Amino acid sequence: MIGSTLAGMVGVLLILLVVYDAIRTTLSVSSSGGPLTNRLVSGLWFVLLGIHRRQKSHAMLSSVGPWITVTLLMTWFLVAWLGWFLLFCSAPQAVVVSTTKATASLIERAYYTGYTLTTLGYGDYVPGTDGWRTPPVIAAANGFFLFTLSITYILNIITNVIQKRQTALSINALGRDPRQIIAATNDDGKFATLVSQLQPLQQSISTLGQQHLAYPILHYYHSESSSKALSLAIARLYQAISLVYFASPKLDTTTREQLSIFQRALEQFLDTLGGTFIQPNHNIPHIPELNGYAELPGFDKSSTEMHDYLASLPYQKILVAYVQKDGWDWKNVWQTEQE
């Protein structure tokens with residue numbers, strides 16, 4: 001293997017791949033991540049979600065996000081290590097023993113690659129010719145770049161996960177299902193309380209949409225509690241707002257416009273997810289009979305009319321896909337954990 005030009009070429013390709021993937025994943029705010037990141041994290045989530053669906057374990061899923069993050073960062077480093085190792089194997093004099101100038105073995109070259117990438121610089125082994133003095137410098141810079149990028153990425157992910165769960169808690173504070181949200185904010189059919197609560201949430205949801213683009217691993221941070229699950233909170237709030245907009249005739253023009261604006265904000269968030277994270281279901285999800293909704297203050301539509309209206313909304317297909325991809329069931333949108 002030592003002296004193989006092909007090994008060097010493969011090594012260069014691996015180095016370029018990991019650098020491209022790391023930059024696209026961590027620094028691009030308009031994509032869903034690099035090719036290596038997408039395949040790795042989505043593949044791991046697919047397997048673990050399948051296990052969860054056979055035997056429900058939200059505790060297991062809630063631990064997946066941090067481990068996927070660590071696995072991704074380790075993969076970057078290991079692929080970079082392999083790439084530089086292959087490059088240093090492409091010529092016999094690429095690495096030699098510092099004292100005897102004897103050609104280094106494969107194990108010694110792997111060791112040399114590791115301490116060069118981690119910028120430890122022990123000096124046991126050195127380049128054998130002047131032409132091989134530059135690659136170790138580039139390798140050290142590559143390792144420092146990946147370590148720095150990884151630490152910054154982890155800190156940003158933690159911050160965004162906290163914001164994601166805070167937003168879910170804020171929505172669930174309005175009610176644990178669509179009916180509770182409507183009943184708690186109806187104001188005798190005027191829904192001024194609902195509008196006042198939606199205004200601060202609108203910016204948070206718009207920001208979260210962009211954060212999911214910038215940090216695709218956010219999709220895989222599952223909450224063990226339904227009260228902190230953003231997918232359920234978004235789905236419940238969308239049902240409530242849609243019903244209020246459709247079934248309440250006492251809404252003034254300003255309130256109706258505010259509800260419409262917020263509904264579009266939710267749909268933009270769902271469009272972001274639908275373009276990068278989930279595939280909309282082919283069918284509209286099951287909508288319950290909505291018994292008791294017609295008696296809510298301010299409503300003048302029958303349960304059947306409201307049911308048919310919700311079933312006609314195309315974004316329901318993205319919502320059910322989002323809820324299921326997050327490890328929850330569509331029935332959780334309409335009922336609390338206790339129920």
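Computed from a predicted model, the values in this text were never measured in an experiment.
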Asker: Where does the angle between the aromatic ring planes of His212 and His219 fall among parallel (under 30°), tilted (30 to 60°) and perpendicular (over 60°)?
Answerer: tilted
Asker: When the aromatic ring centroids of Phe277 and Tyr220 are compared, is their separation below 6.0 Å?
Answerer: yes
Asker: Can you see whether Gln316 engages Tyr238 through a side-chain donor-acceptor pair at a distance of less than 3.5 angstrom?
Answerer: no
Asker: Just by modelled atom types, is the Leu290 backbone N or O under 3.5 Å from a matching donor or acceptor in the Ser303 side chain?
Answerer: yes
Asker: Mark yes when over 12 heavy atoms from residues, nucleotides or ligands other than Lys301 sit less than 6.0 Å from its NZ; otherwise mark no.
Answerer: yes
Asker: What I want to check is whether the side chains of Tyr111 and Asp124 have a donor and an acceptor closer together than 3.5 Å.
Answerer: yes
Asker: Using atom types as modelled, flag every donor-acceptor pair under 3.5 Å from a side chain in residues 64-80 to any protein atom, sequence neighbours excluded.
Answerer:
residue, atom, partner, partner atom, Å
Thr69, OG1, Gly65, O, 3.0
Thr69, OG1, Tyr221, OH, 2.8
Thr71, OG1, Trp67, O, 2.7
Thr75, OG1, Thr71, O, 2.7
Trp76, NE1, Asp21, OD2, 2.8

Asker: Between Ser227 and Asn172, is there a side-chain donor-acceptor contact under 3.5 Å, judged purely by atom types and distance?
Answerer: no
Asker: Is atom NZ of Lys190 surrounded by more than 12 heavy atoms (other residues, nucleotides or ligands) closer than 6.0 Å?
Answerer: no
Asker: Any sub-3.5 Å donor-acceptor pair from Trp330's side-chain atoms to His286's backbone N or O?
Answerer: yes
Asker: Quick one: does any side-chain atom of His307 pair with a main-chain N or O of Ile287 as donor and acceptor, under 3.5 Å?
Answerer: yes
Asker: Can you tell me if CZ on Phe144 sees more than 12 non-hydrogen neighbours from other groups inside 6.0 Å?
Answerer: no
Asker: Quick one: does any side-chain atom of Asn186 pair with a main-chain N or O of Ala183 as donor and acceptor, under 3.5 Å?
Answerer: yes
Asker: Counting neighbours of CZ on Arg53 that are heavy atoms of other residues, nucleotides or ligands and sit closer than 6.0 Å, is the number greater than 12?
Answerer: yes
Asker: So Asp177 and Trp334, do their side chains get closer than 4.5 Å, heavy atoms only?
Answerer: no
Asker: In a check of side-chain hydrogen bond (donor to acceptor under 3.5 Å, both in side chains) between Ser260 and each of Gln258, Glu257, Arg264, Arg256, which one passes?
Answerer: Arg264
Asker: Counting distance only, does the side-chain N/O of Arg109 pair as donor-acceptor with the main-chain N or O of Ala104 below 3.5 Å?
Answerer: yes
Asker: If you compare all heavy atoms of Lys164 against all heavy atoms of Leu218, which two are closest, and at what distance to 0.1 Å?
Answerer: NZ-O, 2.8 Å
Asker: For Gly189, does its backbone N or O pair with a side-chain atom of Ser248 as donor and acceptor, under 3.5 Å?
Answerer: yes
Asker: Do the side chains of Tyr153 and Leu44 join up, straight or via other hydrophobic residues, at under 4.5 Å, putting them in one cluster?
Answerer: yes
Asker: Would you say the side-chain atoms of Asp329 pair up with the backbone N or O of Lys331, donor to acceptor, closer than 3.5 Å?
Answerer: no
Asker: I'd like to know if the side chain of Ser312 reaches the main chain of Tyr309, judged simply by a donor and an acceptor atom lying under 3.5 Å from each other, with no hydrogens or angles considered.
Answerer: yes
Asker: Using the side-chain contact (heavy atoms from CB on, under 4.5 Å) definition, which of the options Ile234, Leu230, Thr207 pairs with Thr167?
Answerer: Leu230
Asker: Take atom CD1 of Ile107 as the centre, draw a 6.0 Å sphere, and report whether it contains more than 12 heavy atoms from other residues, nucleotides or ligands.
Answerer: no
Asker: May I ask you to check whether Ser242 and Gln263 show a side-chain donor-acceptor distance below 3.5 Å?
Answerer: yes
Asker: Are the side chains of Leu296 and Arg179 in contact, using a 4.5 Å heavy-atom criterion?
Answerer: yes
Asker: If only side-chain N and O atoms count, and only distance matters, is there a donor-acceptor pair under 3.5 Å linking Tyr315 with Asp271?
Answerer: yes
Asker: Could you pull out all residues at least two apart from Glu305 that satisfy salt bridge (charged side-chain N to carboxylate O under 4.0 Å, His left out)?
Answerer: none
